[in-house]
Chemist: 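Would you mind keeping the following structure in view while I ask a few things?
Below, chain A is the first sequence line, B the second, and so on; all start at residue 1. Here the structure is a predicted model, which is why all the values come from computation and not from measurement. Values below: all heavy atoms of this structure, side chains included; hydrogens, waters and symmetry mates excluded.
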There are 4 protein chains.
Amino acid sequence: MTRAPATRRAGPAKRAAASAGPRAVRGTPDETRARLVAAAGAAFEHDGYFGTDTNRIARAAGYAPGTFYKHFADKAEIFVAVYEAWIAREWDGVQAIVADARTPAEKAARIADAVLEHHRAWPGLRASLRALVATEPAIRRAHRASRRTQMMHMAELGLDDAGKNAILLLTVERIADAIADGELRELGMSDEDARVRLVAVIEERLRGR
Amino acid sequence: MTRAPATRRAGPAKRAAASAGPRAVRGTPDETRARLVAAAGAAFEHDGYFGTDTNRIARAAGYAPGTFYKHFADKAEIFVAVYEAWIAREWDGVQAIVADARTPAEKAARIADAVLEHHRAWPGLRASLRALVATEPAIRRAHRASRRTQMMHMAELGLDDAGKNAILLLTVERIADAIADGELRELGMSDEDARVRLVAVIEERLRGR
Amino acid sequence: MTRAPATRRAGPAKRAAASAGPRAVRGTPDETRARLVAAAGAAFEHDGYFGTDTNRIARAAGYAPGTFYKHFADKAEIFVAVYEAWIAREWDGVQAIVADARTPAEKAARIADAVLEHHRAWPGLRASLRALVATEPAIRRAHRASRRTQMMHMAELGLDDAGKNAILLLTVERIADAIADGELRELGMSDEDARVRLVAVIEERLRGR
Amino acid sequence: MTRAPATRRAGPAKRAAASAGPRAVRGTPDETRARLVAAAGAAFEHDGYFGTDTNRIARAAGYAPGTFYKHFADKAEIFVAVYEAWIAREWDGVQAIVADARTPAEKAARIADAVLEHHRAWPGLRASLRALVATEPAIRRAHRASRRTQMMHMAELGLDDAGKNAILLLTVERIADAIADGELRELGMSDEDARVRLVAVIEERLRGR
DNA sequence: GATGAATGAGACTTCATTCAT
DNA sequence: GATGAATGAAGTCTCATTCAT
């Protein structure tokens, strides 16, 4: 996550800055939107939600500032889009694993690894998410909705104790964030230890406990 | 040519007008600092870190904007002070309970309730904390330091598996935040259910598991 | 908890109210920049560098405060722009005179008058420059660079003793500033006397001495 | 001269800062005043007029902020005091040399060296002076008065062409400042060259030309 | 659909100066 | 005479958002 605005400015954004992005090819609205979401994801990851601005995102995607607002009502909205895409990718992975793996142990291990990798690759995005859920009503709403979707996914996976599912969800998320952020290492637990616990938590649940 | 503002000001403007706070009493720096911290705590809780500003905090404490900067280098620094005071109060409670309660079960229950109450009373502060730890290096550092202190407190309580302590810390914190934020209720778990689980997690650890 | 300013603004406020300038015409960046530089020149001359602020400059040019920072990184940068334009105009004059006048005596007299007029028209700007060269690294750098350019101009004029050129530059500048500021008058020298000396210094150099 | 605020702040001026100065010994008002002037001189030299503040000066002298205003009406007033002391020291040196040296050549050389040394030791103060003369009416007035005093000193030395005296004053001052600031070096003239010219200017005047 | 110049509220911070003790 | 906590006006700069082309 951002942690620092890096180089905040390099002088007045002379005309130069205009050509920062990947040369926006005039395309369908969907392509434009997708490019903006991708650029925003990278920017949020790298500089944090409060470390970028919508102009920069638009430029990074190869568009002018105004274009951004043709596709998103505001900054929060694109964050939600980024987050939803992120979650969807995570669950795609989980579901593929569930379909493919045999034993609960294998499933748990592979799910844990997939989740961990996904979190480790996007620590900045996760941090911004945690920040924004508390701060931006719109993002909070989207986050809640996403939780509900995830609960449904879990039910579809045959896990039927909603209470346990909820705890699992929070626990996995929290541990994965902690590992990805290196919090546990600082608390004296090796990443491998932490991973083992994460696997255990998942496996326990998969076994219905 | 004029060139200069010459005399910038003519004297402290009548204080009466703008002020909203409890009317600054000239006192010791410590009192002033304490008033600022108290006002900041309330402001962060109520409006969030990004929802207040240092001028507002100063006014709420009964001071002019400049006074704030006599006591804190910046907004982040007062947040750290607020957070540290918050944590200290929480642990004071925990330690009193540990000294007073008999059985692990009683300890666990009373600790859980104390922690929960403390989190429920300050959900906004907690949310801001989560946000800032990801975003502000200074606050991140303070948070880490505080974690270490808490680990020491746990060791002093006789809990000697650092790995388990770390997990306990994160878990309790996370569950308490979730309950306080109402996240669990939305996931279909009653607050009482959640509390029971929280007690269980603590008791399990107290029993050495 | 609230925590966030939510929607910060609702739209550009009615422009009519505060503005004082010539009513911003949407134009090319170059036009805007030129208007800002012109407004800044007048403001620096009239109120001094420390007597204006960037908001005022922007307003005087007919723009909002933010527009200033689209064109200049900070206040120092626009000062440099103003200064460079000022120097360029001075040398344009000198070069025209050199091309046009015959004898060293005529050249010296006309150059002295041109320089004097240029300094007399901008005493405030000159004063601010003297102040800032000592104080602001960026402006110091620009000033040094400008000096080097002026030395080149002198060389192009056929004056080839760099040491003498340097002294001439400083002397002319200093005397012109002193006359423009009225310093000499206060020291008991008539402006005409001072002008005669200025002419002499220049002519001496033009004759190679 | 300051050129940069160096470290602008090191955190809230906790109580620590209070003991920065040399342990103000309670003394006569004159001693207090003298300590303040000395501290201000050093501060102006080191950080520039705009790079220090009156609180810092007072602390550096070993006093509280309020004490400053018991002795000086404002910041400009102490600058004037510092400047006047500086000039007085310079002329003390010049007069001693005139009394001691024989030939115009010797006088010129020794005066030049004394002046140069005095300027080289206080470049920051000189820079601030040049800035403030243009900016602060009170300092401008004091500067003019000081010039008049210096003209009198010159007359007392037997130099009776006021016009030439004025030019000499400005020229010496300007060249000495330029050498002290390294301006001439950057323009391609060695310091020794510059010094030679300075001596020549003075000697020429001493010989009545 | 895209552009990009422009907007303007407002956050953060500084510092010369005062005044009650 | 000295103290030092407090003052508060004001300047610098940012950035989400708009709208005329």
Side-chain angles (χ1 to χ4, degrees), chain A residues 5 8-9 13 15 18 24 26-29 32 50 52-56 58-59 63-71 73-76, chain B residues 5 7-15 17-18 24 26-29 31-32 50 52-56 58 62-71 73-75, chain C residues 5 7-13 15 18 24 26-29 31-32 50 52-56 58 63-71 73-75, chain D residues 5 8-9 15 18 24 26-29 32 50 52-56 58-59 63-71 73-76:
Chain A
R8 238 193 331 170
R9 212 176 7 147
R15 244 57 30 63
R26 203 161 283 243
T28 69
T32 298
F50 293 111
T52 11
D53 56 72
T54 59
N55 284 20
R56 216 130 69 193
R59 284 295 174 217
Y63 297 93
T67 304
F68 180 95
Y69 289 90
K70 286 281 199 278
H71 292 269
D74 55 29
K75 202 185 178 185
Chain B
T7 304
R8 205 121 72 118
R9 227 201 340 160
K14 46 253 100 185
R15 279 235 254 118
R26 222 158 265 251
T28 69
E31 285 165 358
T32 299
F50 294 112
T52 11
D53 58 74
T54 59
N55 283 21
R56 221 128 67 191
Y63 297 94
T67 301
F68 179 93
Y69 291 91
K70 285 277 200 284
H71 294 269
D74 54 29
K75 205 181 170 187
Chain C
T7 305
R8 205 119 75 116
R9 227 202 341 160
R15 278 235 253 119
R26 221 157 265 254
T28 68
E31 286 165 357
T32 299
F50 294 111
T52 12
D53 58 73
T54 59
N55 283 17
R56 221 127 70 191
Y63 297 93
T67 301
F68 179 94
Y69 290 92
K70 286 277 201 283
H71 293 269
D74 54 30
K75 205 181 170 188
Chain D
R8 251 228 285 199
R9 212 174 10 143
R15 243 61 27 64
R26 203 161 283 244
T28 69
T32 298
F50 294 112
T52 11
D53 56 70
T54 60
N55 284 20
R56 216 130 69 192
R59 284 294 174 216
Y63 298 93
T67 303
F68 179 95
Y69 288 91
K70 286 281 198 279
H71 292 267
D74 55 29
K75 201 183 177 187

Chemist: Please work out if D:K70 contacts a base, only the sugar-phosphate, or nothing of the nucleic acid, heavy-atom cut-off 4.0 Å.
Modeler: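 Base, at least one base atom sits under 4.0 Å.
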Chemist: Any idea which of E:dC12, F:dT3, F:dC13 is nearest the D:A64 side chain?
Modeler: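 For D:A64, the side-chain atoms sit closest to F:dT3.
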Chemist: Distance-only, no hydrogens or angles: does the D:K75 side chain make a donor-acceptor pair with backbone N or O of D:T52 under 3.5 Å?
Modeler: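 Side chain of D:K75 to backbone of D:T52, a donor-acceptor pair under 3.5 Å: yes, one is there.
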Chemist: Which residues pass the side chain to side chain contact (heavy atoms under 4.5 Å, CB included) test with D:T67, sequence neighbours left out?
Modeler: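 D:T32, D:Y63, D:A64, D:H71.
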Chemist: Could you pick out which residue, A:F68 or C:R56, lies toward the 5' side of DNA chain F when each is mapped onto its nearest nucleotide?
Modeler: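 Closest to the 5' end, via its nearest nucleotide, is C:R56.
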Chemist: To the nearest Å, how far apart are A:K75 NZ and F:dT14 C1'?
Modeler: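 It is 11 Å, rounded to the nearest whole Å.
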Chemist: May I have the distance from C:H71 (atom NE2) to E:dG4 (atom P), rounded to whole angstrom?
Modeler: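 Going from NE2 in C:H71 over to P in E:dG4 covers 14 Å.
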Chemist: If you measure from CZ on B:F50 to CZ on A:F50, what distance do you get to the nearest 0.5 Å?
Modeler: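 Output value for this atom pair is 5.0 Å.
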Chemist: Over how many whole Å does the gap from C:D53 atom CG to E:dT13 atom C1' extend?
Modeler: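 It works out to 15 Å between those atoms.
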Chemist: B:Y69 side chain: which of E:dT17, E:dT7, E:dC12 is closest?
Modeler: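 Minimum distance to the B:Y69 side chain belongs to E:dC12.
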Chemist: Just compare E:dA16, E:dT7, E:dA5 and give me whichever is closest to any side-chain atom of C:P29.
Modeler: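 My answer, after comparing the listed nucleotides, is E:dA5.
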Chemist: Of the listed nucleotides (E:dA6, F:dC13, F:dA5), which one gets closest to any side-chain atom of C:Y63?
Modeler: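 Nearest nucleotide to the side chain: E:dA6.
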Chemist: Among the candidates F:dC13, E:dA2, F:dG8, find the nucleotide nearest to the side-chain atoms of C:T54.
Modeler: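 The nucleotide sitting nearest to the side chain is F:dC13.
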Chemist: Roughly, in whole Å, what's the span from CZ in D:R59 to P in E:dA16?
Modeler: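 Distance, rounded to whole Å: 15 Å.
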Chemist: What is the separation between atom CZ on B:F50 and atom C1' on F:dA16, rounded to the nearest whole Å?
Modeler: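 From B:F50 CZ to F:dA16 C1': 15 Å.
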Chemist: Please find the pair of heavy atoms, one from C:P65 and one from C:A58, that lie closest to each other, and give the distance.
Modeler: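 Shortest heavy-atom contact: CA-CB, 4.0 Å.
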Chemist: Tell me whether the side-chain N or O atoms of C:N55 pair up with the base of F:dC13 as donor and acceptor below 3.5 Å, since no angle test is needed here.
Modeler: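 Indeed there is one.
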Chemist: For F:dA2 and D:T32 - does any side-chain N or O of the residue sit under 4.0 Å from the phosphate oxygens OP1/OP2?
Modeler: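 It does, given that an N or O in the side chain of D:T32 lies less than 4.0 Å from OP1 or OP2 of F:dA2.
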Chemist: Grab the two heavy atoms, one from A:D74 and one from A:Y69, that are nearest each other, plus how far apart they are.
Modeler: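 Closest heavy-atom pair between A:D74 and A:Y69: CA-CE2, 4.0 Å.
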Chemist: Dot-bracket for DNA chain F, 5' to 3', counting Watson-Crick or G-U wobble pairs under 3.5 Å, with [ ] for crossing pairs and | for inter-strand pairs?
Modeler: .||||||||||||||||||||
